[in-house]
Number of protein chains: 2
Amino acid sequence: MKTIGFDSHNHDACISDALGMATDICAQQKLQFTPVRRRVLEILLHEHRAMGAYDILEVLSSEGLGSQPPVVYRALDFLVKHGLAHRIEGLNAYTACAHLDHEHVPAFLICRTCKAVAETDTGIAQGRLGQAAASAGFTIEKVVVEAEGLCPNCTGAAA
Amino acid sequence: MKTIGFDSHNHDACISDALGMATDICAQQKLQFTPVRRRVLEILLHEHRAMGAYDILEVLSSEGLGSQPPVVYRALDFLVKHGLAHRIEGLNAYTACAHLDHEHVPAFLICRTCKAVAETDTGIAQGRLGQAAASAGFTIEKVVVEAEGLCPNCTGAAA
DNA sequence: AACCGTGATGTTATAACATATCAATACGTG
DNA sequence: CACGTATTGATATGTTATAACATCACGGTT
C-alpha cells in the first residue's frame, strides 16, 4: 500500500493518468463522464488537497461551466458515489481519489496547516472497531478514518 | 473496553452518574460548569444519540436558557474541548462522552436509521494508520474514526 | 419524423450548520 | 471594593448543503 500525497512527483502525468483511469471506469460502468464531472475531478486532481464545494464552484463559474451550488454538488455526488473522489468529513471538503485502481477503505492524513491530503488504506473493519461492532450487533456499512496533524513539509516550517 | 450505546440500561442512573462525574472533572480542573453547559450535557446524555446544535438550541430556547446559536456552540465547544462530549463529523452533530472515566481515542458506531451512537475505543494510531503516518513523516494530532451502519435494533426492523 | 422515458443541467430559493464582533454581566482574588 | 478574566447576551454574517421545479439532450420505439 502506497501512501500518496506528500511526496513530490510528476504531477501532470499523475493527473492525466487518473483522468484516463476515471474515463475507463465510467466507460466500463456505462456512466456518463460529462464535462462538468470531468472538470470537477480535474480541479480536485490538480492539487492533492481538500477543496470546499464552493471553492470548486468558483473555478467552474469562472469557466462558464455552472454558477449555482447544485451544479458542483451534483458533480461531487457523482464522483463520490462512484469512488472517483472522497469526502473529507472533518473539513466538509472533497478530494480526488488517489487509489482508483483498486477497492479500498480510504483513510486520510490531513495537514491542518496546508490542507494537503494523503490517502492511505486501513484494515480498520478487521481490527478493534470490527470487534466492537460485532459484539454490539452493529452492521458496518461505511467507515470514516481521518487523522489530522502536520505533514512533513509543515512540521519543519513550525506552524 | 465496553461499547456503550445499544444495550438497554438504567438510564436515569446513567445520566446522573455522568453528570456527577462531569461535575467532579470540572471541579478538579477549576472549570466553570455553568447552567447552560450542564443543561447541554444533560440534553445530550438524555439520549445516546447524536444531536445537531440547532436541535439542542431548540430545547434550551424552550427553557429560556438562551436562544441564539452562539449560546449552544459555546457550550458545545466547552464540552468537546474538555472531553465531556464529542463531535460526530459525519453528521455535523454532537453526543455526550460515554467514557468520562478515562482518556481515550473515541471511535463511533452510528446508526444511519435512528442516529443512535455507540462509543468505543480504538488503537488506530498504533495500527496501519500509524505506520502510514510514520512512513510519510506525518505527525498525527487527532484521529476521527466513525462507522456508519445499522444498529441491532434497526437491523431487524429492515429499514 | 413524432413520441416518450431517463438522466443530466439550469435556476431560484432556502435549509442547516457555524462564527465574528462587541457590549454587558458575573466571579474569584488581592 | 477594584481588578482582571471568564461567561453571557445580542446582532449580524459566513459557510455548507439541499429542495423544488423547469428544461435540455439523448436513445429507443412506433
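Note on naming: letters A, B, ... go to the chains in the order of the sequence lines (proteins, then strands), and numbering restarts at 1 for each one. All values below were derived from every heavy atom in this structure, side-chain atoms included, with hydrogens, water molecules and symmetry-related copies excluded.
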S.K.: Report the residues that fulfil side-chain hydrogen bond (donor to acceptor under 3.5 Å, both in side chains) with B:E89, sequence neighbours left out, ordered by chain and then residue number.
M.R.: B:R87

S.K.: Side chain of B:D17, backbone of B:C14: donor and acceptor closer than 3.5 Å?
M.R.: no

S.K.: Could you identify which residues of residues 26-37 of chain B place a heavy atom less than 4.0 Å from some atom of DNA chain D, listed by residue number, or say none?
M.R.: B:Q32, B:T34, B:R37

S.K.: For B:F78, answer base if it contacts any base atom (sugar-phosphate contacts may also be present), sugar-phosphate if it contacts only those atoms, and nothing otherwise; contact means non-hydrogen atoms under 4.0 Å.
M.R.: nothing

S.K.: Can you run down the side-chain hydrogen bond (donor to acceptor under 3.5 Å, both in side chains) pairs that involve residues 19-29 of chain B, sequence neighbours left out, and say none if there aren't any?
M.R.: B:T23-B:R38

S.K.: For chain A and DNA chain C, what are the first and last nucleotides along the strand, 5' to 3', with at least one atom under 4.0 angstrom from a heavy atom of the protein chain?
M.R.: C:dG7 to C:dT12

S.K.: Go nucleotide by nucleotide along DNA chain D from the 5' end; which of A:D55 and B:V71 gets its closest nucleotide reached first?
M.R.: B:V71

S.K.: Okay, side chain of B:E148, backbone of A:K142: is any donor-acceptor separation there less than 3.5 Å?
M.R.: no

S.K.: Tell me if the aromatic rings of B:H86 and B:Y94 count as close, with their centers under 6.0 Å from one another.
M.R.: no

S.K.: For A:Q68 and D:dT23, give me the distance from atom CD to atom C1', rounded to whole Å.
M.R.: 15 Å

S.K.: Does the pair B:L109 and B:V117 meet the rule for a side-chain contact (heavy atoms from CB on, under 4.5 Å), with working shown?
M.R.: CA-CA 6 Å; B:L109 303 176; B:V117 172; over 6 Å; no

S.K.: Quick one: side chains of residues 40-47 of chain A, donor-acceptor pairs under 3.5 Å with protein atoms, not counting sequence neighbours, listed by atom name and distance.
M.R.:
unit_1, atom_1, unit_2, atom_2, d
A:E42, OE1, A:R39, NH1, 2.8
A:E47, OE1, A:R49, NH1, 2.5
A:E47, OE2, A:R49, NH1, 3.4

S.K.: Heavy-atom nearest nucleotide on DNA chain C for A:P69 versus A:R74: which residue maps closer to 5'?
M.R.: A:R74

S.K.: When you match B:N92 and B:G64 each to their closest nucleotide on DNA chain D, which lands nearer the 5' end?
M.R.: B:G64

S.K.: Just jot down the side-chain hydrogen bond (donor to acceptor under 3.5 Å, both in side chains) partners of B:D77, sequence neighbours excluded, or say none.
M.R.: none

S.K.: Using a cut-off of 4.0 Å on non-hydrogen atoms, how would the nucleic acid contact of A:Y54 be classed: base, sugar-phosphate, or nothing?
M.R.: base

